[in-house]
Amino acid sequence: MSRTAPASPLAPEWLGVPEDLDALDPRIWPPAFRRDDHGVLTVGGIPVPELAERYGTPSYIYSEDTFRARAREFRTAFTEAFARIGAEVSVYYAGKSFLTTEVVRWVREEGLNVDTASGGELAVALRGGMEPERIALHGNNKSAAEITRALDHGLGRIVVDSLAEIELVAHLARTLGVVAPVMVRVTPGVHASTHEFIATAHEDQKFGLSLAVPQDGGDSPAMQAVAACTVDPDLELRGIHCHIGSQIFDADGFGVAAERVLAFMAGAGARLGTALPELDLGGGYGIAYTEADTPRPAREIAEALAERVASAAGRLGIAVPHLSIEPGRAISGPAACTLYTVGTLKTVEVEPGLRRRYVSVDGGMSDNARPVLYGADYTAVLADRRAGGGPVLSRVVGKHCESGDIVVRDVYLPEDLAPGDVLAVPATGAYCWALSSNYNWIPRPPVVAVRAAGARPAARLIVRGETEEDLFARDLGA
Ligand SMILES: *Cc1c(COP(=O)(O)O)cnc(C)c1O
């Protein structure tokens, strides 16, 4: 029996010293990512060294099966939980987390709709073959061109964000001779993240219309918006939308937001003499990036939420509305890992007797901006072989000219890690490729999809990596 080594005082408290450096934590690694009999990491049955050889590093490796399974899990969990309270559910995949034309096909085939946040994302959704009525358009500052594009194609909904935008959408719809289906985005005063939520009366943020009644009386901005949409024959008001945060682990924050928005919907319905048919609670469902993260399963969240929605609607004396949700990260995040090749290694004596090993890899903040942007934590494993030696507290860093260019702040990696080894960083499927850049003139990595369903697993490029030529193509001085 091996004994666990003592934790380094330099490591954060949540980080345990792994007993087995080859182990893949099932909370972080979905079943499509496993080690084979030789200790080599495989994705959908394909060994990582094969993928690294074929596609190079860095590269984003998606398990298509995992992406689809996560999409189905959310759709089934919410559909079943809300069916029990007599309500229907639509699931909109939040495209901003990761969107390509191929991904649009997966989403569509799994019976989800798609949420877009710009004309560009809308173009991808359309080109990927999504039916326009299954596409939503968001944004706090949509251009007239974006709104026109949405109306021209007959999008299922435009989520309006301000009184000025309501006028603009109505004007453009009238010009085109169409009726615009809209949802009003409100700010319910609930901000949720991970284990807690904050509930306030007012909101100090750029998105949405406040539910709060102004000091000097009169209608809340949200109520003014609903009234404006209702009187305008160029608009068809579908319902109310809110989005309360990201990386949320349980149902409490969603529940409070739902209660507030339902109360508003009851008031608006009574005032207008017509019920608002739909409640959209947005996205924000969390995933495990490290062992410290403990998101609740979709089914549990859906059931808790259905219960609160049913009892709130009962208290308010309104019918339970059609429910929509917009998960992004929870579907795309766990579906991918990023492969890197190890380069320079350096050990620093931070304090007498306390060492940290810096492991430089061939990517960094250009392919994963989240650690720099949000202080996000990740983990990593040695992927191309079994570990040798004990656990060494390591920091995986990129190759960019910034000392903040960190990929994994704290992780125990094997003592015998060496240049040329391949590292895999899990849970990089959301907001990594989507936020990637060419900082330092580094071409963006390829995106590979692996599918194991069927007799033989197959990997294919769904976005090719950029070349230096791609970058020069836009430099007009060259
Ligand atoms: C970002 C966003 C989402 C998706 O958030 P996730 O945390 O990826 O689930 C959904 N809806 C809206 C309006 C958003 O802005």
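Predicted, not measured: the structure shown is a model, and the values here were computed from it. Both ligands and their constituent atoms are indexed starting at 1 by order of listing.
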Just which atoms of ligand 1 are under 4.0 Å from any heavy atom in [X]?
X      : answer
His138 : 13 (C)
Arg185 : 13 (C)
Gly328 : 6 (P), 8 (O), 9 (O)
Gly283 : 9 (O), 10 (C), 11 (N)
Ser246 : 7 (O)

How about Thr379 and Glu291: do any of their side-chain heavy atoms sit closer than 4.5 Å?
->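 Sidechains of Glu291 and Thr379: no contact.
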
Can the ring centroids of [X] and [Y] be said to lie less than 6.0 angstrom from one another?
X      : Y      : value
Phe78  : Tyr285 : yes
Phe98  : Tyr93  : no
His138 : His243 : no

Can you find an N/O atom of Gln247 closer than 3.5 Å to an N/O atom of ligand 1?
->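 No, Gln247 has no N/O under 3.5 Å of an N/O on ligand 1.
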
Option nearest atom 4 (C) of ligand 1 (shortest heavy-atom distance, choices Ala94, Ala430, Ala136) =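 When every heavy atom of Ala94, Ala430, Ala136 is considered, Ala94 comes closest to atom 4 (C) of ligand 1.
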
Residues Glu110, Trp106; criterion side-chain hydrogen bond (donor to acceptor under 3.5 Å, both in side chains); working and verdict | CA-CA 6 Å; Glu110 297 305 334; Trp106 303 346; over 6 Å; no

Backbone, side chain, both or neither: what part of His243 comes under 4.0 angstrom of ligand 1, heavy atoms only?
->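 Looking at His243 and ligand 1, just side chain atoms fall under 4.0 Å.
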
Can you tell me the protein heavy atom closest to [atom] and the distance?
atom                    : result
atom 2 (C) of ligand 1  : Lys96 NZ, 2.2 Å
atom 8 (O) of ligand 1  : Tyr431 OH, 2.6 Å
atom 10 (C) of ligand 1 : Glu326 O, 3.2 Å
atom 7 (O) of ligand 1  : Gly284 CA, 3.3 Å

What are the two closest heavy atoms between Ala380 and Val425, and how far apart are they?
->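 So the two residues come closest at CB-CG2, 4.0 Å.
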
Please list every donor-acceptor pair under 3.5 Å in which a side-chain atom of residues 245-255 meets a protein atom from a residue at least two apart or in another chain.
{"from": "Gln247", "atom 1": "OE1", "to": "Ile287", "atom 2": "N", "distance (Å)": "3.0"}
{"from": "Gln247", "atom 1": "NE2", "to": "Ile287", "atom 2": "O", "distance (Å)": "2.7"}
{"from": "Asp250", "atom 1": "OD1", "to": "Asp252", "atom 2": "N", "distance (Å)": "3.4"}

Can you list every pair that meets side chain to side chain donor-acceptor pair (under 3.5 Å) and has a residue in residues 305-317, with sequence neighbours left out?
->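 Checked against side chain to side chain donor-acceptor pair (under 3.5 Å) - neighbours excluded - the pairs reaching residues 305-317 are Glu259-Arg308.
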
